[in-house]
2 protein chains.
Amino acid sequence: MADGKGRYAQIVQKLKTHGHHLTPQRLAIIKAIVESDRHPSVEEIHARLRKTFPTMSLATVYRNVMLLKSLGEVLALGFPDGSNRYDGRHPFPHPHVVCVRCKKIVDPELQSGRELARAVGDATGFRILSHRLDFFGICRDCEAAGKKGCGAGQAAK
Amino acid sequence: MADGKGRYAQIVQKLKTHGHHLTPQRLAIIKAIVESDRHPSVEEIHARLRKTFPTMSLATVYRNVMLLKSLGEVLALGFPDGSNRYDGRHPFPHPHVVCVRCKKIVDPELQSGRELARAVGDATGFRILSHRLDFFGICRDCEAAGKKGCGAGQAAK
DNA sequence: GACAAAGATGATAATTGTTACTAATCGATA
DNA sequence: TATCGATTAGTAACAATTATCATCTTTGTC
């Protein structure tokens, strides 16, 4: 999936028009987010960038992820267990499927979100601004791996 | 809504069959949870019970909420901002509508959850165990109150 | 290319919600 | 009522996130 490139340029452009500086760290963080299809955590982004930026501070990752979020270019997925994962490819509300064992997060193809949101708005009188729809389960890989851990394990906390 | 009474008895019964003691604090916490239709936070439960149990520890509330959750009698709603709310009336996965201004949480009447879960399972190969569906918006009260705070404000964090 | 102003970084302290720990107390059964 | 194990209150420990601040970098201009 190579649409990471388009997203990268798109985000950089938005930063420019909003008058933000383009530091190497910032650009690397953006690249890490859009290149990953794993919905990475801040820790994962940080760990990955330490290879090229040994002095990269965790605070910098947090700051930039928050900035991107505030610009609407990243979707933050906070989970009840305190873990946070980020989606830089589809920065708008959409469903997720989470493997409770290996923490893999998949974006299922579903169109029903919008319709559902409108139905909920009608039923409750709320003006719906956003939504979150998470399904938790066991992915095929983990199912196949039996009781043991899944090969593609990517723990988030 | 008086089904709180039934839930109370139900939960007490389950605690008994699982060999847990029925302390006054524990019973009061259960009552507070099932009597509230506000999806209270731990802090709210604690604050409310301080009136009758001035020495009630915050840790006790956490412990008991976790116990009820582990018994499947309470549904924990963790939000990305770190706040946690608890539903003792419908302790199973279901949709929620959250007012982002006053933090009110409403349970809309929707049946589509189960069907949707099956569709997602089919589409992704996951064995779906649970789900969360949260809509975020502005409730009618807050909308009417304009830019100012909502009268029924019940901040969670 | 050098300059000034605004913004960004790195390191660490502070904060916050939650969990772990301990000694003392309480509940349920015989 | 005696006994044992569960539970409590209080507090320390924890972990994830945010705030702070001195230093350094980027940007736009000359």
Side-chain angles (χ1 to χ4, degrees), chain A residues 11-32 39-47 49-71 74 76-86 103 155-157, chain B residues 11-32 39-47 49-71 74 76-86 103 155-157:
Chain A
I11 294 174
V12 168
Q13 186 54 42
K14 185 163 229 176
L15 285 170
K16 272 188 197 164
T17 64
H18 282 255
H20 293 286
H21 292 176
L22 299 177
T23 66
Q25 293 94 329
R26 177 162 289 168
L27 295 174
I29 289 168
I30 296 169
K31 195 174 286 186
H39 303 75
S41 67
V42 163
E43 281 291 354
E44 281 165 359
I45 297 167
H46 184 239
L49 296 182
R50 289 283 276 213
K51 294 168 191 165
T52 32
F53 297 85
T55 68
M56 165 91 65
S57 169
L58 195 52
T60 297
V61 182
Y62 273 108
R63 262 191 305 252
N64 280 286
V65 169
M66 286 304 119
L67 172 63
L68 295 175
K69 184 184 162 191
S70 75
L71 291 174
V74 152
L77 297 174
F79 290 95
D81 69 352
S83 63
N84 273 286
R85 308 279 291 268
Y86 299 89
K103 307 300 180 192
K157 182 172 187 178
Chain B
I11 294 175
V12 168
Q13 185 54 42
K14 185 164 230 175
L15 284 170
K16 273 189 196 166
T17 65
H18 281 255
H20 293 286
H21 291 176
L22 300 176
T23 66
Q25 293 95 329
R26 177 163 288 168
L27 295 173
I29 289 168
I30 297 169
K31 195 174 286 185
H39 303 74
S41 67
V42 162
E43 280 293 351
E44 282 165 0
I45 298 168
H46 184 239
L49 296 182
R50 289 284 276 212
K51 294 169 191 165
T52 31
F53 296 85
T55 69
M56 165 90 64
S57 168
L58 194 54
T60 297
V61 181
Y62 273 109
R63 259 191 308 255
N64 279 286
V65 169
M66 285 305 120
L67 173 63
L68 295 175
K69 183 185 162 191
S70 74
L71 291 173
V74 152
L77 297 174
F79 290 96
D81 69 352
S83 63
N84 273 285
R85 307 278 291 267
Y86 299 90
K103 306 301 180 192
K157 182 174 187 176

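By convention in this document, chain letters (A, B, ...) are assigned in the order of the sequence lines, proteins followed by strands, and residues within each chain are numbered from 1.
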Partners meeting side chain to side chain contact (heavy atoms under 4.5 Å, CB included) with Ala47(B) (sequence neighbours left out): none
Between dT17(D) (C1') and Met66(A) (CE): distance, integer Å: 9 Å
Sugar-phosphate, base or nothing in reach of Gln25(B), heavy atoms under 4.0 Å: sugar-phosphate
Residue pair Leu15(A), Ile30(A): steps toward the side chain to side chain contact (heavy atoms under 4.5 Å, CB included) verdict: CA-CA 11 Å; Leu15(A) 285 170; Ile30(A) 296 169; 3.4 Å; yes
Value in whole Å for how far the P atom of dT9(C) lies from CE of Met56(A): 8 Å
Listed partners of Phe79(A) passing side chain to side chain contact (heavy atoms under 4.5 Å, CB included), at least two apart: Leu77(A), Asp81(A), Ser83(A), Arg85(A), Val98(A), Ile105(A), Arg132(A), Asp134(A), Phe136(A)
Any Asn64(A) side-chain N or O less than 4.0 Å from OP1/OP2 of dT9(C): yes
Approximate separation, where rounding is to 0.5 Å, of Leu71(A) CG and Lys69(A) NZ: 12.0 Å
Residue Ser57(B), side-chain heavy atoms: nucleotide from dT9(C), dG10(C), dG10(D) that is nearest: dG10(D)
Side-chain N,O (Thr60(B)) to OP1/OP2 (dA9(D)) below 4.0 Å: yes
Leu49(A) CG to dG10(C) C1', straight-line distance once rounded to whole Å: 15 Å
Residue pairs involving residues 52-67 of chain A (criterion side chain to side chain donor-acceptor pair (under 3.5 Å); sequence neighbours excluded): Arg26(A)-Asn64(A), Thr60(A)-Arg63(A)
Test log, rule side chain to side chain contact (heavy atoms under 4.5 Å, CB included), inputs Val42(A) and Asn84(A): CA-CA 7 Å; Val42(A) 163; Asn84(A) 273 286; 5.9 Å; no
Interatomic distance, Glu43(A) CD vs dA16(D) P [rounded to whole Å]: 7 Å
Atom-to-atom span, CZ of Arg26(B) to P of dA9(D) - whole angstrom: 11 Å
dT17(D) OP1/OP2 closer than 4.0 Å to side-chain N/O of Asn84(A): yes
Atom-pair distance (OH on Tyr62(B); P on dA9(D)), nearest Å: 15 Å
Letter per nucleotide, 5' to 3', of nucleotides 20-30 of chain C [B base touched, S only sugar-phosphate touched, - untouched; heavy atoms, 4.0 Å]: BB-----SS--
Whole-Å gap separating P (dA16(D)) and CD1 (Ile45(A)): 15 Å
Heavy-atom pair of closest approach, residues Tyr86(B) and Ala76(B): CE2-CB, 3.6 Å
Between dT18(C) (P) and Leu77(B) (CG): distance, integer Å: 13 Å
Runs of at least three Watson-Crick or G-U pairs with DNA chain D, cut-off 3.5 Å: C:1-30 with D:1-30
Sequence-distant partners of Lys14(B), salt bridge (charged side-chain N to carboxylate O under 4.0 Å, His left out), two or more places apart: Glu73(B)
Minimum-distance pair of heavy atoms, taken over all atoms of Phe53(A) and Ala28(A): CE1-CB, 3.6 Å
